[in-house]
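Just the heavy atoms: all of them, side chains too, but no hydrogens, waters or symmetry mates, feed the values below.
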Amino acid sequence: MNDRIITASIANEFLAGRIDLDEYDAMDDDAAEILAQADGGLRLDGLKSISVESAKSLAKHNGKYLLLGGVTSISDEVAEALAEHRGGIAIDGVMSISVEAARALARHVSPDGKGDPESRYAIFGAMARAEGINSGFVMFNVDLEDHMVNYSPGFLLLGGITDLSDEAAEAIAQHEGWIDLHGLEELSARAAKAFAARPGPTSIGVATLSDAVAEELAKARGLLNLDAVADLSPAARALLEENGNISMSTAEAIDDSDDATSEEDPPSSTFPFEDVETLTPEVAEAAAGFDGNITFSELTDLTEAEAAILARHRGRLGFLSLTAIEPGVARALMNHEGHIYIPFLQTIDTDTARLLLQTSRDFPYIALYNIRHLGIEEAVILARFQGDIYLNDLQSLTEDVASALSGLSGKLYLGEAVEIDVHIARRLAKIGSGLVLNSPNLSDEVIHELAQSCSVLGLDGLASLSPAAATSLSNHVGQLSLNGLMNATDEVAMLLSKHEGPLDLMNFSDMDKLSDAAKEAMLCNPDIKIGSARSGKSDADDDDDDDEAFLKFFLG
């Protein structure tokens with residue numbers, strides 16, 4: 001007997017919040033009828049196939065989305081049934097689709113949710129989990145939220161499709177919501193014309209565009225994502241760039257002819273900045289005049305003169321290989337209008353701290369992943385930031401620096417290497433939005449201090465808790481994360497069950513070893529999330545928080 005089948009009893013366990021369904025690759029029809037009652041989004045990415053009867057039942061599901069990422073083929077009848085679902089649909093494993101199935105899915109829409117701004121968070125998070133963070137749909141850069149207010153529900157994610165007939169393309173293009181075809185490898189002018197006529201957002205993954213196809217796509221009425229395009233003529237790119245609804249990568253193939261790098265013909269705004277290792281004045285000027293966001297992935301050095309030129313650029317600037325910048329460079333970049341992202345700096349001085357503070361003021365976080373030591377003056381400057389700060393590799397923290405960081409209004413993220421004593425903990429507990437600390441070694445006294453004031457407290461590095469530490473945490477009020485905790489004694493479990501506010505125990509795996517009383521106490525607290533299920537809450541409740549953070553990260 002296959003024990004990876006979702007049966008009716010397993011479906012009921014899922015609805016009760018006791019298990020997740022990722023490990024199951026098949027489903028009974030009666031289980032589908034039960035799962036249709038689930039609140040919020042429904043993720044069944046483990047399923048390899050789906051019957052017509054199951055599809056009809058799942059179509060009655062009233063949540064924000066239905067994810068069937070593992071299904072590799074769908075019949076016309078299944079497509080017809082799924083089209084009745086009133087949330088987003090993701091069938092990312094399907095590689096080809098018939099015209100009849102395309103017509104059926106095109107009729108899928110979510111009229112009740114249309115225009116609901118809250119739903120866009122669930123949609124983005126759902127698609128992120130289905131596609132992965134590198135998918136093109138996150139790359140839209142113009143008026144995305146305004147468009148998503150109108151088109152977020154009813155998305156149709158068919159990212160596995162590589163080949164689409166013209167008839168199927170014309171059928172799918174009739175869909176009223178978001179269409180994602182990020183796996184598509186070829187596109188005809190006829191299909192391009194159909195997608196360009198859509199008012200809703202469309203993501204197409206083709207890498208090569210002919211001039212004829214580009215001419216049709218340049219007429220796009222709605223948002224059109226073409227970030228996978230790497231091969232097209234300069235004329236075609238220029239035509240597409242004239243349409244503000246179209247999002248494209250800044251990179252294109254480099255012309256190897258002698259004229260390509262001549263002084264008379266400097267690099268255009270489509271120069272592949274991501275691959276630049278040495279910044280010449282000509283390239284810096286091209287970047288300064290580029291209308292859009294730029295990421296230098298290979299650039300390891302930047303002079304003050306080059307920085308002064310780049311400062312004329314308007315948009316987001318990213319430097320993913322810079323590990324240090326001179327004070328003069330930092331001061332020159334302060335004239336830049338737009339966010340500057342330098343996540344892997346290994347050292348930071350006061351000028352760099354001021355640069356990051358100024359250019360990140362409209363961004364949700366400052367990432368300093370490789371900073372090992374932070375001085376008091378730099379800490380005072382960074383603490384004025386209105387968002388979160390990541391110092392994941394910080395090796396040492398003095399009481400004075402902790403006191404300075406306590407003025408931060410956002411959350412502070414620290415890694416596992418930093419040592420925290422009682423005095424430092426007392427300072428950190430005053431941080432406005434909370435502390436996320438991955439240290440595996442925290443004394444009971446330190447935990448007591450942190451639990452006093454941190455409204456958001458993440459202690460995911462802890463693998464065990466003493467009764468004294470559990471007592472302190474049971475009195476904590478707010479959001480608490482103990483995702484490193486895999487087991488606990490009955491006493492510790494009983495204490496944690498008294499916590500007020502969301503408590504995440506994502507890796508807690510020894511519920512069966514607890515006494516009935518301790519187990520019941522944990523399960524009866526609706527705010528405790530054990531594994532992937534929070535007692536008394538649907539997965540969608542948790543997804544909303546994650547999805548908003550996801551959207552905040554990518555679009556900040």
Side-chain angles (χ1 to χ4, degrees), residues 17 388-389 391 397 399 402-403 405-416 418-508 510-511 514 517-531 533-537 541-542 544-546 549:
D388 302 337
I389 292 182
L391 290 165
L397 186 62
E399 188 175 346
S403 182
L405 291 174
S406 68
L408 183 67
S409 62
K411 292 187 288 293
L412 176 65
Y413 290 78
L414 298 175
E416 60 182 32
V418 67
E419 294 186 4
I420 307 293
D421 61 24
V422 173
H423 303 291
I424 291 174
R426 196 169 293 150
R427 302 298 188 276
L428 294 178
K430 298 178 181 179
I431 294 176
S433 293
L435 174 71
V436 178
L437 175 63
N438 283 323
S439 174
N441 302 309
L442 297 177
S443 68
D444 291 349
E445 293 77 15
V446 165
I447 293 174
H448 175 76
E449 291 296 337
L450 295 177
Q452 295 296 305
S453 302
C454 288
S455 58
V456 174
L457 181 58
L459 301 176
D460 291 342
L462 297 178
S464 62
L465 282 180
S466 69
T471 298
S472 297
L473 293 175
S474 70
N475 294 318
H476 171 262
V477 178
Q479 183 176 334
L480 176 62
S481 174
L482 297 170
N483 288 326
L485 195 65
M486 300 182 66
N487 51 65
T489 64
D490 284 352
E491 182 180 4
V492 168
M494 293 291 284
L495 287 165
L496 290 178
S497 71
K498 301 175 182 178
H499 180 263
E500 295 184 26
L503 169 56
D504 286 347
L505 297 166
M506 295 295 293
N507 290 308
F508 195 87
D510 285 350
M511 283 289 287
L514 295 177
K519 187 186 302 183
E520 182 179 2
M522 294 278 278
L523 293 175
C524 284
N525 186 334
D527 285 331
I528 296 181
K529 181 177 180 180
I530 302 171
R534 176 170 292 166
S535 176
K537 287 193 175 184
D541 295 324
D542 304 314
D544 285 344
D545 294 337
D546 295 339

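Nearest approach of Val418 to Gly415, heavy atoms of both residues: CG1-O, 3.8 Å. Ala451 and Leu473 get closest at one heavy-atom pair: CB-CD2, 4.1 Å. Between Ser497 and Ile528 the shortest heavy-atom distance is CA-CD1, 3.8 Å. Of all non-hydrogen atoms in Val422 and Glu449, the two that sit nearest each other are CG1-CG, 3.8 Å. Nearest heavy-atom pair, Ile447 versus Ala469, reported as atom, atom and distance to 0.1 Å: CD1-CB, 3.8 Å.
For Met494, the side-chain contact (heavy atoms from CB on, under 4.5 Å) partners two or more places apart in sequence, or in a different chain, are Ala518, Ala521. In this structure, Asp421 has no salt bridge (charged side-chain N to carboxylate O under 4.0 Å, His left out) partners at least two apart in sequence or on a different chain. Scored by the side-chain contact (heavy atoms from CB on, under 4.5 Å) test, Glu500 finds Val477 as partners (sequence neighbours excluded). Asn487 is linked by a side chain to side chain donor-acceptor pair (under 3.5 Å) to nothing, counting only residues two or more places apart in sequence or in another chain. Judged as a side-chain contact (heavy atoms from CB on, under 4.5 Å), and not counting sequence neighbours, Glu419 has no contacts. Residues satisfying the side-chain contact (heavy atoms from CB on, under 4.5 Å) test with Ala429, not counting sequence neighbours, are Ser453, Cys454. In terms of the side chain to side chain donor-acceptor pair (under 3.5 Å) criterion, residue partners of Asp490 (sequence neighbours excluded) are, by chain and number, Ser515. In this structure Glu491 satisfies the side chain to side chain donor-acceptor pair (under 3.5 Å) test with no other residue, sequence neighbours excluded.
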Run the numbers on Leu496 and Asn525 for side-chain contact (heavy atoms from CB on, under 4.5 Å), then give the verdict. CA-CA 10 Å; Leu496 290 178; Asn525 186 334; over 6 Å; no

### Message
For a side-chain contact (heavy atoms from CB on, under 4.5 Å) check, start with the C-alpha distance between Phe508 and Leu514, then their side-chain angles and the critical distance, and finish with the verdict.
### Response
CA-CA 11 Å; Phe508 195 87; Leu514 295 177; 4.2 Å; yes

Where do Leu414 and Leu428 land on the side-chain contact (heavy atoms from CB on, under 4.5 Å) test, with the steps shown first?
CA-CA 11 Å; Leu414 298 175; Leu428 294 178; 4.2 Å; yes

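With Ser403 contributing its side chain and Glu399 its backbone, the two residues share no donor-acceptor pair below 3.5 Å. At distances below 3.5 Å, not a single donor-acceptor pair connects side-chain atoms of Asn507 with backbone N or O atoms of Met486.
The distance from the NZ atom of Lys529 to the CG atom of Asp504 is 6.0 Å, given to the nearest 0.5 Å. In this structure, CG on Asn475 lies 9.0 Å from CG on Leu495, to the nearest 0.5 angstrom. Rounded to the nearest 0.5 Å, atoms CG (Asp527) and CG (Leu503) are 8.5 Å apart. Between atom CG of residue Leu435 and atom OH of residue Tyr413 there is a gap of 10.0 Å, rounded to the nearest 0.5 Å. One distance of note links CD1 of Ile424 with CG of Leu397; it measures 5.0 Å at 0.5 Å rounding. Remark: Asp510 CG to Ile530 CD1 distance equals 11.5 Å, nearest 0.5 Å.
The list of ring-ring contact (aromatic ring centres under 6.0 Å, His included) pairs with a residue in residues 457-505, not counting sequence neighbours, reads His476-His499. Every pair tested for ring-ring contact (aromatic ring centres under 6.0 Å, His included) that includes a residue from residues 425-452 fails, sequence neighbours excluded, so the list is empty. Contacts classified as side-chain hydrogen bond (donor to acceptor under 3.5 Å, both in side chains) and involving residues 429-441 (residues at least two apart or in different chains) are not found.
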Donor-acceptor contacts under 3.5 Å from residues 455-464 side chains, at least two apart:
unit_1, atom_1, unit_2, atom_2, d
Asp460, OD1, Ser481, OG, 2.5
Asp460, OD1, Asn483, N, 2.9
Asp460, OD2, Ser481, OG, 3.3

